[in-house]
Amino acid sequence: MDLNLNRADYLQVGVTSQKTMKLLPASRYRATQKVVVGDHDGVVMCFGMKKGEAVTVFKTLPGQKIARLELGGVLNTPQEKIFIAAGSEIRGFTKRGKQFLSFETNLTESIKAMHISGSDLFLSASYIYNHYCDCKDQHYYLSGDKINDVICLPVERVLHDVPVLACQDRVLRVLQGSDVMYEIEVPGPPTVLALHNGNGGDSGEDLLFGTSDGKLGLIQITTSKPIHKWEIRNEKKRGGILCIDSFDIVGDGVKDLLVGRDDGMVEVYSFDNANEPVLRFDQALSESVTSIQGGCVGKDGYDEIVVSTYSGWVTGLTTEPIHKESGPGEELKINQEMQNKISSLRSELEHLQYKVLQEREKYQQSSQSSKAKSAVPSFSVNDKFTLNKDDASYSLILEVQTAIDNVLIQSDVPIDLLDVDKNSAVVSFSSCDSESNDNFLLATYRCQANTTRLELKIRSIEGQYGTLQAYVTPRIQPKTCQVRQYLIKPLSLHQRTHFIDHDRPMNTLTLTGQFSFAELHSWVVFCLPEVPEKPPAGECVTFYFQNTFLDTQLESTYSKNYKKNYH
């Protein structure tokens with residue numbers, strides 16, 4: 001059976017953060033579910049669908065940008081309470097919008113990830129993990145590399161707290177209290193964690209992970225060691241995984257795996273008789289998918305996948321058929337509900353066009369006044385600069401909430417721009433005077449209408465280092481631009497790995513002298529990518545690297561008493 005899902009846009013809000021959209025459980029009085037979203041203005045909004053229109057249930061006042069939104073409640077009951085993380089504060093709301101919690105964690109960094117389990121609150125900032133119970137500090141852990149996500153195995157099934165941290169150094173860290181119980185090496189930097197089937201699977205210990213290079217896997221977290229069950233390697237070269245959910249969208253009684261990627265791809269995986277994932281459906285959206293949930297929102301009896309995207313659209317992929325067929329000589333009539341919806345959309349579009357025209361005229365008149373003051377409009381840029389192992393190139397992804405007019409690329413180091421199939425922008429090169437001002441590249445990408453996401457590929461030359469700059473200009477008035485800088489390091493084509501082959505021939509370079517552990521670590525950070533900026537804890541540290549172009553390997557080991565590098 002083929003799975004056919006039809007797209008339906010619900011409304012647009014200012015969602016820019018990952019995991020800031022959830023579906024409230026259905027009540028016994030109403031079969032359809034409500035959608036809760038948190039936006040960059042700090043507003044929590046809950047809405048439901050009625051006769052094809054979005055109806056607001058509640059909307060809070062603006063505040064600090066919301067980084068995460070999770071549902072919670074008493075264990076073994078419907079999870080209806082809404083928790084948001086904004087800055088270093090946690091706030092809680094009922095399903096009707098009444099605030100019942102305001103908890104200032106006093107963390108020195110802004111909260112990046114959050115998990116709720118009954119009265120337990122698991123938080124992580126960039127490097128810090130904290131566990132609170134009834135808003136009282138319980139456990140603390142300082143990670144050696146950035147924490148991208150945090151989750152806890154279901155305590156009602158495994159009978160004790162088992163927090164898991166997804167860290168940028170390609171490791172999942174399983175904690176026991178404030179200590180690391182063991183570490184799990186994964187094939188890429190993990191960006192998102194989720195419980196298999198929403199409850200940890202048959203054992204309660206099954207954990208799904210997604211990586212920034214598009215890999216997906218399932219691991220069983222036992223008390224003694226991890227058990228790797230399966231892994232999907234991203235052979236189609238799709239984007240990094242930002243969100244995961246489990247929901248039976250196929251309708252066969254087994255929960256399917258829903259995946260959202262940063263290139264706008266939505267995927268549905270079913271499981272075969274051997275419990276291996278099989279891709280059943282995919283849908284390409286025009287911008288990155290920040291949250292994904294399965295449920296029933298639009299119409300009773302029709303399941304759907306609800307996603308939020310970077311520019312703020314909340315969209316449904318529904319099983320409800322929207323196409324009707326008629327035989328020869330038969331008339332196909334549009335029902336009254338659809339006619340009303342088309343009429344409503346036309347009137348709304350005319351109203352928006354008139355409003356835009358009014359504001360343009362108002363701006364033109366005010367800009368000609370001698371007392372006029374011009375303010376630079378602000379806009380968010382979602383960017384990612386990552387090394388691809390397969391072709392030894394860097395991917396630069398730029399995403400803006402509004403349409404991009406053009407992007408200017410400038411580099412003070414020799415680089416090559418490679419073709420990207422997804423890129424429809426027109427590129428033009430300008431001549432550069434590299435001898436006098438170290439300007440080796442100046443290229444302009446002119447984007448097509450309504451382009452909000454641009455992907456570029458570059459290849460650098462190892463040994464030559466410098467800065468790549470991207471000047472992003474959106475289609476807004478007055479014209480404004482944001483500059484983003486990306487460091488191209490001397491050993492830019494090296495990628496972190498978990499181990500190397502010590503039987504291969506190696507050259508050795510030993511450095512000793514009157515310099516500190518932190519100074520030597522800063523040299524390694526300057527030369528190599530994917531190294532945490534903070535010096536690691538402990539007396540000695542070792543990093544392994546592999547050259548993606550030449551397949552050579554590098555081991556870097558240094559300690560506070562004796563420092564050495566191997567190549």
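The structure displayed is predicted, hence computed values, not measured ones. Numbering of residues begins at 1 and proceeds along the displayed sequence.
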Just checking, is any N or O donor in the side chain of E304 or Y302 under 3.5 Å from an acceptor N or O on the other one? no
Any side-chain donor near an acceptor of the partner, N130 and D137, under 3.5 Å: yes
In terms of side-chain heavy atoms, does Y354 have a donor or acceptor partner in Q358 at a distance below 3.5 Å? yes
Is there a donor in the side chain of S311 and an acceptor in the side chain of Q401, or the other way round, less than 3.5 Å apart? no
Might you work through the side chain to side chain contact (heavy atoms under 4.5 Å, CB included) test for V55 and K34, ending with a clear yes or no? CA-CA 10 Å; V55 179; K34 305 287 195 308; over 6 Å; no
Polar side chain donor-acceptor pair, Q18 to T290, under 3.5 angstrom: no
Take a 6.0 Å sphere around NZ of K215 and say whether it holds more than 12 heavy atoms from other residues, nucleotides or ligands. yes
Under 6.0 Å from the NZ atom of K479, do we count more than 12 heavy atoms belonging to anything else shown? yes
Please work out which of the three classes, parallel, tilted or perpendicular, describes the rings of F271 and H196, given edges at 30° and 60°. perpendicular
Pair K19 + D149: basic N to acidic O under 4.0 Å: yes
Could you check whether D383 and Y486, counting side-chain N and O atoms only, form a donor-acceptor pair closer than 3.5 Å? yes
Just wondering, are more than 12 heavy atoms of other shown residues or ligands nearer than 6.0 Å to NE2 in H160? yes
Between I90 and Y132, is any pair of side-chain heavy atoms under 4.5 Å apart? no
For F100, does the CZ atom have more than 12 heavy-atom neighbours from other residues, nucleotides or ligands under 6.0 Å away? yes
Heavy-atom closest pair (T402 atom, P474 atom, distance to 0.1 Å) is CG2-CB, 3.6 Å
Which heavy atom of K112 sits nearest a heavy atom of S126, and at what distance? CE-OG, 3.7 Å
Checking side chain to side chain donor-acceptor pair (under 3.5 Å) against Q168, which of N148, T191, D145 comes through? N148
Between E399 and T452, is there a side-chain donor-acceptor contact under 3.5 Å, judged purely by atom types and distance? no
Could you check if a side-chain atom of L285 sits within less than 4.5 angstrom of a side-chain atom of V266, using non-hydrogen atoms only? yes
Taking D120 as the fixed residue, which of H131, H115, Q138 is the one that meets the side chain to side chain donor-acceptor pair (under 3.5 Å) rule? H131
